Structure formats: structure tokens, C-alpha cells
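Here the structure is a predicted model, which is why all the values come from computation and not from measurement. Quick note: numbers below take in every heavy atom, side chains included, and nothing from hydrogens, waters or symmetry partners.
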Amino acid sequence: KFMALILAAIIAALLCSCSGGKTLPDAPTLAAALASGLDFDEELEDIRKNIDGGKGRDYAASRGEHLNARLISLYFGWNYVETGDAIVIGENNVIEKESYSNLASLIKDGEKYVIPGFYGRSPSGEIRCFSRGGSDITGAIAARAVGAGVYENWTEVSGVYSSDPR
């Protein structure tokens with residue numbers, strides 16, 4: 001419960017600081033409410049065992065995004081979609097065509113979803129991360145999966161760049 005409370009406290013602090021004028025409970029109250037709706041003890045233990053057991057760097061890197069998306073979905077009361085169950089990343093980071101139908105089958109019209117970005121799975125089932133910009137790629141995959149007419153991706157940067165900011 002301690003780790004779940006820590007994760008919830010971090011999310012609560014971020015939500016409170018970025019509320020855009022929306023009145024939210026103070027961070028400790030919000031953290032306790034989020035944590036009470038979660039039973040992450042078993043999941044956190046599984047994650048630790050998987051990392052200790054050699055699941056790999058991509059698995060470890062993706063778990064923060066996974067847990068954050070779970071907390072955000074709880075906060076908003078939206079559905080959570082595990083991208084590791086849907087998006088298949090093949091050789092040379094190519095998105096496998098089945099990814100679109102996999103994701104579309106998990107999304108229903110009229111409902112709201114939180115979809116974690118930057119990871120999926122290999123064809124053999126191991127968690128695999130995209131390279132730089134992976135969350136943007138996940139957004140584009142989700143847009144195509146649901147047949148969106150447009151996908152807009154806004155990125156906050158300090159200025160206007162005419163080239164790659166790296």
C-alpha cells in the first residue's frame with residue numbers, strides 16, 4: 001500500500017498543480033482517495049518480481065507509464081487500455097497491422113479511455129518500447145484504430161523549431 005500511496009501522491013500533486021483553476025482537494029486528500037481505489041500491492045510485487053526475474057529494460061521502462069495511466073484513469077473514471085495487449089511492434093520498430101484492429105476491439109464508441117504511450121509488445125509477447133517520440137506514435141495508432149478524421153499532436157516547447165530540437 002505504501003508504494004501505491006506514493007504513486008497516488010505524485011499524481012495528486014501534479015493534478016492539483018495543473019488543475020487550470022478547477023477546485024481540487026489538497027494533494028494528501030486526493031492521494032488517499034486515489035490510493036483507496038487501488039489495490040496495487042500485488043501488481044507492484046509482480047512488477048518487482050518481473051524486473052528481478054529479467055523481464056528486461058523495456059518492461060522496466062514501461063511500468064511507470066503503465067502505473068501512471070492506471071492512476072489517471074481512476075482519477076477521471078475512464079477506462080484503461082493496456083497497450084501491451086494491443087500494439088505489436090515488429091522488426092525495425094514497424095507497427096504490425098494487427099495493432100489497429102487489436103486496439104479498435106478494446107475501444108467502444110461513446111466511452112473515454114486512458115491509453116499509455118510509448119510501448120507495446122513484440123510479436124512473441126515481450127513488452128517493447130518505441131524509440132524517441134513513442135507516445136506520439138501511440139496517439140497516431142489510436143487515432144487510426146478508431147478511424148479518427150484527424151489526429152493533432154501538440155508538444156510544449158520553449159519556442160518554435162524549424163528542425164529537430166535534439
Side-chain angles (χ1 to χ4, degrees), residues 3-4 6-8 10-12 14-15 18 34-35 37-157 161-166:
M3 282 304 293
I6 297 270
L7 289 168
I10 292 168
I11 298 303
L14 289 171
L15 290 170
C18 301
L34 285 171
L38 301 173
D39 185 13
F40 274 157
D41 288 345
E42 185 176 327
E43 183 167 4
L44 289 169
E45 182 61 23
D46 286 345
I47 290 170
R48 186 188 62 75
K49 285 179 183 175
N50 285 331
I51 291 171
D52 290 348
K55 278 283 191 175
R57 177 181 281 179
D58 284 359
Y59 175 83
S62 71
R63 296 305 82 189
E65 180 82 2
H66 162 77
L67 292 170
N68 181 50
R70 295 269 318 273
L71 285 166
I72 295 294
S73 69
L74 178 66
Y75 174 77
F76 285 115
W78 295 358
N79 299 300
Y80 171 79
V81 173
E82 172 54 55
T83 53
D85 294 338
I87 297 174
V88 183
I89 306 168
E91 291 294 319
N92 299 316
N93 288 324
V94 172
I95 309 307
E96 299 293 337
K97 291 182 192 238
E98 68 197 71
S99 300
Y100 306 105
S101 58
N102 290 348
L103 193 53
S105 72
L106 300 173
I107 298 173
K108 308 296 179 231
D109 275 347
E111 297 197 24
K112 296 179 180 175
Y113 296 86
V114 175
I115 303 171
F118 92 80
Y119 73 93
R121 65 175 168 83
S122 69
S124 60
E126 294 88 22
I127 293 294
R128 191 152 172 217
C129 293
F130 291 112
S131 59
R132 179 174 154 80
S135 291
D136 302 345
I137 295 167
T138 304
I141 292 168
R144 179 174 171 185
V146 300
V150 66
Y151 168 62
E152 293 183 348
N153 179 35
W154 294 66
T155 301
E156 183 179 326
V157 296
Y161 295 101
S162 61
S163 62
D164 188 340
R166 286 181 280 174

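- Side-chain contact between Asn102 and Asp85 is absent, with no heavy atoms from C-beta onward closer than 4.5 Å.
- Proximity of a side-chain donor or acceptor of Thr138 to a complementary backbone N or O of Phe118 within less than 3.5 Å is detected.
- The backbone N or O of Cys129 lies less than 3.5 Å from a partner atom in the side chain of Asp58, making a donor-acceptor pair.
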> Does the pair Ile115 and Ile107 meet the rule for a side chain to side chain contact (heavy atoms under 4.5 Å, CB included), with working shown?
Replying inline: CA-CA 10 Å; Ile115 303 171; Ile107 298 173; 4.0 Å; yes
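- A side-chain hydrogen bond (donor to acceptor under 3.5 Å, both in side chains) with Tyr119 is found for one member of Glu82, Glu65, Arg128 and no other, namely Glu82.
- Nearest heavy atoms, Ala145 versus Tyr100: CB-O, 3.4 Å.
- Counting heavy atoms from C-beta outward, Ile137 and Ile87 have side chains that stay 4.5 Å or more apart.
- Looking at heavy atoms from C-beta onward, Asn79 lies out of side-chain contact with Leu106 at the 4.5 angstrom threshold.
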> Could you walk me through whether Tyr59 and His66 pass the ring-ring contact (aromatic ring centres under 6.0 Å, His included) check?
Replying inline: CA-CA 10 Å; Tyr59 175 83; His66 162 77; 8.6 Å; no
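- Contact of the Phe130 side chain with the Asp136 side chain is not registered, since no non-hydrogen atoms from C-beta on lie closer than 4.5 Å.
- Using a 4.5 Å cut-off on side-chain heavy atoms (C-beta onward), Arg63 and Ile127 make contact.
- Under the 3.5 Å distance criterion, the side-chain polar atoms of Tyr113 are matched with a main-chain donor or acceptor of Lys108.
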>> As a quick check of understanding, evaluate side chain to side chain contact (heavy atoms under 4.5 Å, CB included) for Leu103 and Arg144, giving each step before the final call.
In response: CA-CA 10 Å; Leu103 193 53; Arg144 179 174 171 185; over 6 Å; no
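- For the atom pair NZ of Lys49 and CG of Asp52, the computed distance is 10.0 Å after rounding to the nearest 0.5 Å.
- Under the 3.5 Å distance criterion, the side-chain polar atoms of Ser99 are matched with a main-chain donor or acceptor of Val88.
- Interatomic distance, Glu96 CD to Glu91 CD, rounded to the nearest 0.5 Å: 8.5 Å.
- With hydrogens and angles disregarded, no donor-acceptor distance shorter than 3.5 Å links the side chain of Asn68 to the backbone of Gly64.
- Nearest heavy atoms, Tyr151 versus Ala143: CB-CB, 3.6 Å.
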